[in-house]
Peer 1: 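Take this structure first; my questions come after.
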Amino acid sequence: MGGLAELQAREEARFAETHPRSHELFGRAREILLEGVPMHWMRKWPGGFPLFVREAKGARFVDVDGIEYVDFCLGDTGAMTGHAPEPTLRAIAEQAAKAITLMLPSEDALWVAEELSRRFGVGSWQFALTATDANRFSIRLARHLTRRPRVLVFNWCYHGTVDETFATLVDGVVGPRGGNLGPPVNPAETTRVVEFNDVDGLERELAHGDVAVVLSEPALTNVGIVHPEPGFHDALRELTRRHGTLLAIDETHTICCGPGGYTAARGLEPDIVTIGKPIAGGIPAAAYGFSDELAARLAGTIELEDVDVGGVGGTLAANALSLAAMRATLAEVLTEDAFARMIPLAERWTEGVETGIAEAGLPWHVTRLGCRAEYLFGPDRPRNGTEAHDAGDFALERYMHLFALNRGILLTPFHSMALMSPATTDADVDRHTEVFREAVLELGAG
Ligand SMILES: Cc1ncc(COP(=O)(O)O)c(C=O)c1O
């Protein structure tokens with residue numbers, strides 16, 4: 001054993017030694033929870049077992065062993081607002097005492113829809129509980145409207161657990177994404193896949209005339225950050241219009257670019273916008289909005305008698321509690337002012353990481369999108385999902401994350417991403433820079 005494996009073993013031993021209570025709880029969890037975790041993604045944390053959390057506030061949390069961490073994972077964007085923001089807490093407490101869920105609208109739905117329209121430029125909204133559902137319902141309505149069977153996604157995208165999106169392109173052939181559990185059908189039947197930034201490929205696939213909707217993040221964020229090249233969004237919009245295909249932009253992560261996400265920051269003109277995760281400060285809530293033109297086309301096409309069995313919506317969707325939490329979060333937490341603080345923090349984080357990489361002489365790079373930043377284990381910015389995916393190194397990623405965790409820093413377990421909240425401070429960022437530098441200097445010297 002040597003090199004990275006040796007360093008990993010050292011960090012795992014340190015982790016086990018310093019987290020006896022989490023270790024003990026994990027032992028009990030293995031008796032009663034499938035694979036020892038309440039949701040199987042939590043197996044992905046490095047260190048052999050997940051931390052059990054005692055409490056979280058702002059940009060920090062404390063585990064059951066009493067150790068405090070700076071949180072750059074922020075619930076993988078669910079807590080981008082910072083943990084337990086006061087305005088959201090107040091709204092939740094007040095609303096919960098009045099009404100939680102009724103299958104009747106509350107007035108907050110109007111305020112939230114108006115605010116989302118103002119931010120994202122599409123005027124007709126519906127609510128769901130997760131971004132996954134917002135995407136699923138949008139796809140279904142797009143197929144219903146266009147009477148076309150397929151969707152188009154970009155290679156190595158992630159839009160939640162939406163069957164149609166678990167498709168990858170390998171050597172020009174669409175197939176199930178590796179690791180996708182029990183795919184209902186070969187996704188080649190439901191989905192066309194193109195590399196991000198590949199305008200020719202997009203044109204070729206849309207020309208089949210069977211694509212109801214292109215579902216895309218405006219910049220990929222789930223395989224490492226992949227920025228759109230100049231002109232890509234113009235081409236995407238022009239081609240979808242020309243081929244009668246709808247364009248759905250998923251802003252669930254790219255809300256990091258500002259109050260109206262990438263759509264407002266770059267003047268995109270989608271037919272559909274979907275968003276979830278942080279918009280209610282961590283309370284389950286999501287939204288999907290349609291352009292006025294699309295809403296007019298939809299009007300009268302859904303049979304009243306069948307609205308509750310059409311495959312769109314859900315019992316707890318648009319409940320009064322999640323609407324109140326969304327209202328408070330949008331009004332007082334994810335504000336213009338908050339982004340004006342968060343984005344410079346991500347710039348500071350990026351500079352710190354860049355300096356560390358240069359000092360250690362490693363062939364890595366760091367990239368930023370609004371208040372989100374990420375390092376990748378290759379020298380150049382990826383142009384598409386495949387290049388980003390191929391620059392991944394699972395063992396190295398786990399080591400970097402565990403090294404940070406052992407020194408009080410939490411990064412998302414899915415890639416090497418850091419997110420800034422309104423509660424994050426310069427000192428939090430500088431602590432990450434210090435720890436990152438220590439890690440890469442050791443790696444560079446190895
Ligand atoms: C861009 C994007 N859309 C949708 C989702 C799904 O969110 P949820 O798991 O909350 O349904 C995710 C989750 O990571 C995402 O990154």
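All values reported here derive from a predicted model rather than from experimental measurement. Indexing begins at 1, ligand by ligand and atom by atom, following the structure's order. Counting from 1, the numbers follow the sequence of the chain as shown.
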Peer 1: For R136, give me all partners under salt bridge (charged side-chain N to carboxylate O under 4.0 Å, His left out), at least two apart in sequence or on another chain.
Peer 2: D133
Peer 1: Salt bridge check: are E114 and R118 linked by an N-O gap of less than 4.0 Å?
Peer 2: no
Peer 1: Any carboxylate oxygen within less than 4.0 angstrom of a Lys/Arg side-chain nitrogen, looking at D271 and R237?
Peer 2: yes
Peer 1: Quick test of your reading of the model: are R383 and E195 salt-bridged, counting only N-O distances below 4.0 Å?
Peer 2: no
Peer 1: Whether R348 and E351 form a salt bridge (side-chain N of Lys/Arg under 4.0 Å from carboxylate O of Asp/Glu) is what I want to check.
Peer 2: no
Peer 1: For ligand 1, what are the residues with a heavy-atom contact below 4.0 Å?
Peer 2: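 Lining ligand 1 at under 4.0 Å, by heavy atoms, one finds T130, A131, T132, N135, Y158, H159, G160, E217, N222, D250, T252, H253, K277.
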Peer 1: Are S117 and W125 close enough that some pair of their side-chain heavy atoms sits under 4.5 Å apart?
Peer 2: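 With C-beta onward as the side chain, the pair touches.
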